[in-house]
Amino acid sequence: MNKNLPKQMYALVDGNNFYASCERVFNPALNGKPVVVLSNNDGIIIARSAEAKALGIKMGTPAFEVKNLIEQKKIYAFSSNYALYGDMSQRMMNIFREFTPDVEIYSIDEAFLDFSGFSGMDFKQTGMDMRKRVKKYIGIPVSVGFGPTKTLAKIANRIAKKHLKKTGVALIDTPEKIERALQMTPIDEVWGIGRRYAQFLQKYQVKTAWDFTQLPDSFVKKHLSVVGLRTKEELLGTACIPMELVPPPRKAIRTARTFSKNVIDYRFVEEAVSDFAAKTARKLREQKSVANLLTVFLRTNKFDKTKPYYANSFSIQISPSSNSSIQLVKYAQAALKIIYKEGFEYKKAGVLVSGLSPEGNRQLDLFDNFSYEKHRNLMRILDKLNAENGYEVVKIGSQGQSRAWRLRQEYRSKRFTTRWDELIEVVVES
DNA sequence: TCTGGGGTCCTAGGACCC
DNA sequence: TCTGGGGTCCTAGGACCC
């Protein structure tokens, strides 16, 4: 145990049951009622209010398995509405920045805040102020955990949620508190220890975070790699995971969907894959990158044991690197041709690009410069039109309109905070 | 009938080079 | 008959996160 705690102090702040809470902000009648939010395709449960948890609804449960329960218990179910959640998230993060400039947005619903050097600060009070302010201006309840490392801040946050509901704030700031916190934290609740490692560690009687810190370094390194070793250090109070104040550029970008029903027809698979490629290209342009490798994958339903399973992927070099929707669609279609097999019922497909580099550094290909300019200008116009008129009003022909594979979203709340409600689709031929 | 989507990092092993 | 050793790069697979 590190007797002299470092001066570092991190907070992990997150929205409680974030998606469910977002739905409540715009529909206060839901307060006190059980609420769940469903994944794309209304497939599985991805968020639950406290009341829904109390009714035994588990994270990741297929929606159809709890359909009866939802009806019987009058649980309010919502299709996921990421435009809404993303907007709420931004507003929440802005409140966090009023407390310290050093904010790392870790996910849509949580952030690490660096309070190192704020010596003499009453952290508990700060946490409660934060909670009050977010509740007042955004309407979302948050929990706050303070600790000398990010991993301990995570643990403090869990303790705040579980045992200190009244204040919603927990502070780990002495060696004694570290020890107590570690002893009350099950090993599978530790940030960095997933299901597989937790199972493995149980075999060695490692049940709590504390037990884990008692293992020899060599054992941890051998079985959990250097990542596990880092987790051990962090649990003991030595910060080894730095803040990432500026999000590093993405190394890969993926668009993938499960189809709402099985798709057999090549035309429909191609339409879906083309649409994914175009969406991927748009994401590339948003972050001003180009990619040099594109992978298409598709597979049948892995849960259906009565039908033959087939899954495959194929990668194509994109040369020169590109972020043009038109070009990526063409590459994706070529890759699809190679892996598509007649006679299977496809359930999921996706497009992944990697080998990303900044748009500006793009290697100039003298022979292809004309085509590069042409695409760049075309994409500028396309992005501009879509930005002005709403989400994807202008698309490439092969993205299709039949959408036989389209998402099912039966219970989506309105896009309260964003502009486009109804789409009028215009299609350009490539 | 109905089972999400989008990321990251580490390691081992093979290919290749000198 | 003998059949090196070390470095680097790439990829697949497995773990993790929300």
Side-chain angles (χ1 to χ4, degrees), chain A residues 12 14-15 17-19 36-47 58-68 70 77 79-82 85-86 89 104-112 150-151 154 157-158 187-201 220-231 240-241 244 247-262 276 279-280 283-284 287 292-293 295 297 299-307 311-315 317 345 347-356 405 407-411:
Chain A
L12 188 275
D14 68 352
N17 319 319
F18 187 68
Y19 296 168
V36 296
V37 177
L38 307 170
S39 66
N40 273 332
N41 269 326
D42 297 338
I44 62 170
I45 307 281
I46 56 170
K58 299 253 183 313
M59 199 73 167
T61 312
F64 71 86
E65 279 181 18
V66 286
K67 199 164 186 204
N68 286 339
I70 287 176
S79 305
S80 40
N81 185 345
Y82 292 106
Y85 311 146
S89 171
E104 172 185 338
I105 299 175
Y106 180 64
S107 75
I108 192 163
D109 73 325
E110 67 189 292
F112 286 104
K150 286 166 117 182
T151 307
K154 274 269 196 186
N157 179 280
R158 175 180 172 277
I187 185 63
D188 60 333
E189 297 275 347
V190 174
W191 188 42
I193 306 290
R195 223 184 50 235
R196 295 304 293 267
Y197 284 153
Q199 262 173 24
F200 168 81
L201 291 167
V220 176
K221 168 113 196 279
K222 183 173 173 205
H223 296 288
L224 285 81
S225 86
V226 294
V227 180
L229 207 49
R230 205 177 56 184
T231 298
C240 1
I241 306 176
E244 270 179 8
R250 300 258 158 276
K251 296 182 170 171
I253 293 176
R254 164 196 315 244
T255 308
R257 296 284 181 278
T258 299
F259 304 143
S260 54
K261 48 191 156 189
N262 290 339
F276 302 158
K279 285 189 162 65
T280 306
K283 293 180 199 168
L284 273 172
Q287 71 157 48
N292 71 18
L293 191 72
T295 304
F297 63 90
R299 70 155 174 255
T300 59
N301 188 347
K302 62 181 174 185
F303 298 103
D304 189 345
K305 304 293 180 210
T306 68
K307 290 180 185 138
N312 207 349
S313 70
F314 191 81
S315 301
Q317 213 77 40
E345 299 185 11
K347 188 62 181 170
K348 182 171 186 165
V351 170
L352 169 81
V353 290
S354 52
L356 307 193
W405 48 274
L407 288 182
R408 192 169 41 217
Q409 288 195 324
E410 290 181 33
Y411 317 102

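In what follows, chains carry the letters A, B, and so on, assigned in the order in which the sequence lines appear, proteins first and then strands, with residues in each chain numbered from 1. Excluded from the calculations below are hydrogen atoms, water molecules and symmetry mates; all remaining heavy atoms, backbone and side chain alike, are included.
- At least one donor-acceptor pair closer than 3.5 Å links the side chain of S80(A) to the backbone N or O of L38(A).
- In this structure, Y19(A) places its OH atom 10 Å from C1' of dG6(B), rounding to the nearest Å.
- Residue contacts shown for T255(A) are limited to sugar-phosphate atoms, with no base heavy atom under 4.0 Å away.
- Projected onto DNA chain B by closest heavy-atom contact, A63(A) and S225(A) fall at different nucleotides, the more 5' of which corresponds to A63(A).
- S39(A) has no side-chain polar atom (N or O) that falls below the 4.0 Å cut-off from OP1 or OP2 of dG5(B).
- Closest to the side chain of A252(A), out of dG5(B), dT8(B), dC10(B), is dT8(B).
- Defined by atom type and a distance below 3.5 Å, a donor-acceptor pair is present between the side-chain atoms of T255(A) and K283(A).
- Protein atom CG of N301(A) is 13 Å distant from nucleotide atom C1' of dG4(B), rounded to whole Å.
- Distances shorter than 4.0 Å separate some side-chain N or O of R257(A) from OP1 or OP2 on dG6(B).
- Checking each of K154(A), R158(A), R195(A) against E189(A) for a salt bridge (Lys or Arg N to Asp or Glu O under 4.0 Å) leaves exactly one that passes, namely R158(A).
- Distance, L229(A) CG to dC9(B) C1': 15 Å, rounded to whole Å.
- A residue-by-residue look at A256(A) and D304(A) shows that D304(A) has its nearest nucleotide of DNA chain B further toward the 5' end.
- For K67(A), no side-chain nitrogen or oxygen approaches OP1 or OP2 of dT1(B) to under 4.0 Å.
- Taking atom NZ of K305(A) as the reference point, atom P of dT3(B) lies 13 Å away to the nearest angstrom.
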Report summary line: Once base and sugar-phosphate atoms are separated, protein heavy atoms under 4.0 Å mark nucleotides 11-18 of chain C, 5' to 3', with B, S and - as ----SSSS
Query - Pairing string, 5' to 3', for DNA chain C - Watson-Crick or wobble contacts under 3.5 Å, brackets [ ] where pairs cross, | to another strand - result: ....||||||||||||||
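- To the nearest 0.5 angstrom, I44(A) atom CD1 is 4.5 Å from S39(A) atom OG.
- The side chain to side chain contact (heavy atoms under 4.5 Å, CB included) search around K251(A) returns none, not counting sequence neighbours.
- With sequence neighbours excluded, no residue forms a salt bridge (charged side-chain N to carboxylate O under 4.0 Å, His left out) with D188(A).
- dC2(B) atom P lies 13 Å from atom CD of E65(A), rounded to whole Å.
- Atom pair F259(A):CZ and dG4(B):P shows a separation of 13 Å (rounding to whole Å applied).
- Taking atom CD1 of I44(A) as the reference point, atom C1' of dG5(B) lies 9 Å away to the nearest angstrom.
- R299(A) pairs by the salt bridge (charged side-chain N to carboxylate O under 4.0 Å, His left out) definition with nothing, not counting sequence neighbours.
- In this structure a side-chain-to-backbone donor-acceptor pair under 3.5 Å is missing from K348(A) to N301(A).
- With sequence neighbours left out, the side chain to side chain contact (heavy atoms under 4.5 Å, CB included) criterion links R230(A) to V227(A), C240(A), I241(A).
- Between dT3(B) and dC18(C), the two P atoms lie 25 Å apart (nearest whole Å).
- Side-chain proximity of K347(A) to dG4(B), dT3(B), dC10(B): nearest is dT3(B).
- Regarding D42(A), its CG atom lies at a distance of 12 Å from the P atom of dG4(B), rounded to whole Å.
- Looking at heavy atoms from C-beta onward, V37(A) lies in side-chain contact with Y85(A) at the 4.5 angstrom threshold.
- Between K348(A) and the phosphate of dT3(B), there is no side-chain N or O to OP1/OP2 separation shorter than 4.0 Å.
- Counting non-hydrogen atoms under 4.0 angstrom, K221(A) reaches nothing in the nucleic acid.
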